[in-house]
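Chain naming here is simple, since letters A, B, ... match the order of the sequence lines and numbering starts at 1 in each.
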There are 2 protein chains.
Amino acid sequence: MDLFTDQGFDATSMREIAERLGISKPAIYYHFASKEEILMALHMRLHQLGKAALARLAGQTVTLQLWESLLNEVLDQMVAQRKLFLMHERNQAAMEKLHRLREHDQSHEDLEQRLRHALTDPSLPLGDRVRMACSLGAAFGGLFMFGNAFEDVPGADLRSLIGGVVHGIVADHSQPSPS
Amino acid sequence: MDLFTDQGFDATSMREIAERLGISKPAIYYHFASKEEILMALHMRLHQLGKAALARLAGQTVTLQLWESLLNEVLDQMVAQRKLFLMHERNQAAMEKLHRLREHDQSHEDLEQRLRHALTDPSLPLGDRVRMACSLGAAFGGLFMFGNAFEDVPGADLRSLIGGVVHGIVADHSQPSPS
DNA sequence: GTCTATATTTCGATAGAC
DNA sequence: GTCTATCGAAATATAGAC
């Protein structure tokens with residue numbers, strides 16, 4: 001995961017992975033059928049984390065309110081699994097290739113596909129969809145901008161600050177509260 | 001640029017580039033000394049665009065107000081050069097490797113380095129720095145989230161919507177206007 | 001479960017003709 | 001400025017012993 005994050009999946013060889021683990025190259029093939037399977041295993045970790053959020057998206061219209069709730073859930077997981085999300089984010093091309101090769105697997109419904117679908121759903125106002133995309137981008141930016149600019153900041157502090165920003169994006173459109 | 005964006009720099013071979021251009025592989029080497037030089041040429045396009053913004057960062061403290069002004073400038077360029085920014089964003093690992101190999105070139109001061117420096121400057125409040133990172137992330141998210149979810153939206157419309165969101169992030173902390 | 005040794009492919013890059 | 005032909009290196013993956 002560290003090598004894929006720092007150098008990229010394609011720029012990381014099985015030789016480097018073996019050296020990092022202190023074993024030989026063929027030893028890796030006892031545990032993983034291919035280099036892609038290693039990436040797939042890492043992806044499945046993230047997929048498991050997203051299953052709950054995925055279920056909440058099933059079928060229903062994605063309102064800004066639902067989006068904020070989902071995003072708060074996802075944000076918690078991003079903070080708890082920063083490295084895993086960063087690896088995923090920095091290897092988008094390799095991840096897409098992975099999905100292209102396994103399109104047959106119908107059971108694998110991806111959170112990312114659903115989010116993309118929500119963002120491109122023309123029945124929602126464009127302004128709302130842009131807010132959704134920006135809020136997700138803001139979360140990624142706060143956690144991962146320039147590699148990991150805030151890696152030394154305690155997760156809880158960062159979580160709280162980013163949560164405030166994200167809330168501002170998806171909620172500041174509403175009328176002032178009557179209170 | 002398209003191949004690097006879709007497949008990633010490392011997953012794109014000189015053979016594929018040649019085929020896309022309708023020429024042979026050695027013909028490319030007449031124009032570029034190496035595959036890395038092609039990426040470098042694309043990077044320099046972005047570098048030129050960022051020179052003005054870079055100059056405004058020289059030496060002075062980066063306030064939220066300055067940040068918003070810079071970000072608006074950068075946002076205009078992102079809208080005008082969406083593909084170039086997207087290619088850059090999706091090949092961060094390759095870009096960093098490029099910079100590592102040319103560290104000797106002192107004249108090459110990068111906008112990204114400066115932004116990173118501003119985000120990690122401990123003399124600024126953490127809350128402000130997180131807002132900066134989030135606002136930049138929001139801009140990227142709005143333009144590039146999930147590849148290019150809003151590629152069919154006219155640039156001006158998207159620019160305006162994202163500008164509003166970004167302004168909200170870096171400005172909503174201030175006191176209500178006395179008007 | 002790990003090793004040494006190796007098969008096979010593909011890559012980036014070059015030689016040299018035109 | 002572009003081509004055909006090819007080099008050497010490095011990659012993924014496998015064979016087979018232990």
Can you find a pair of side-chain heavy atoms, one from A/Ile38 and one from A/Phe9, that are under 4.5 Å apart?
no
Member of A/Leu136, A/Asn72, A/Leu71 meeting the side chain to side chain contact (heavy atoms under 4.5 Å, CB included) criterion with A/Val166:
A/Leu71
Integer-rounded Å distance: C/dT10 P and B/Met14 CE:
18 Å
How would you label the contact of B/Ser24 with the nucleic acid (heavy atoms, under 4.0 Å): base, sugar-phosphate, or nothing?
base
If the cut-off is 4.0 Å, is B/Arg15 near the phosphate of C/dG12, judged by side-chain N/O to OP1 or OP2?
no
Taking NZ, NE, NH1 and NH2 as the nitrogens, is one of them in B/Arg129 or B/Asp121 under 4.0 Å from a carboxylate oxygen of the other?
no
Return the value, rounded to whole Å, for the distance between atom NE2 of A/His31 and atom P of D/dA13.
16 Å
Measure CE/B/Met40 against C1'/C/dG12 and give the value in whole Å, please.
19 Å
Report yes if a side-chain nitrogen or oxygen of A/Tyr30 is closer than 4.0 Å to either non-bridging phosphate oxygen (OP1 or OP2) of C/dT2; otherwise report no.
no
So which one's nearest nucleotide on DNA chain C is more toward 5', B/Lys25 or A/Ile23?
A/Ile23
Of the listed nucleotides (D/dA11, D/dT14, C/dT14), which one gets closest to any side-chain atom of A/Ser13?
D/dA11
I'd like to know if B/Arg102 pairs up with B/Glu37 as an ion pair, taking the criterion as any Lys NZ or Arg NE/NH1/NH2 lying under 4.0 Å from an Asp or Glu carboxylate oxygen.
yes
Rounded to whole Å, the OH-P distance (A/Tyr29 to D/dA13) equals 4 Å
Nucleotide D/dA10, atom P - distance to CD1 of A/Ile17 in whole Å
17 Å
Nearest-Å distance, NZ (B/Lys35) to C1' (D/dA10)?
13 Å
Separation of A/Asp10 atom CG from D/dT12 atom P, in whole Å?
9 Å
Between C/dA15, C/dA13, C/dT4, spot the one nearest the side chain of B/Pro26, thanks.
C/dA15
Can you check the A/Phe9 CZ to D/dT12 P distance for me, whole Å?
8 Å
Would you call the rings of A/His43 and A/His88 parallel, tilted or perpendicular if under 30° counts as parallel and over 60° as perpendicular?
parallel
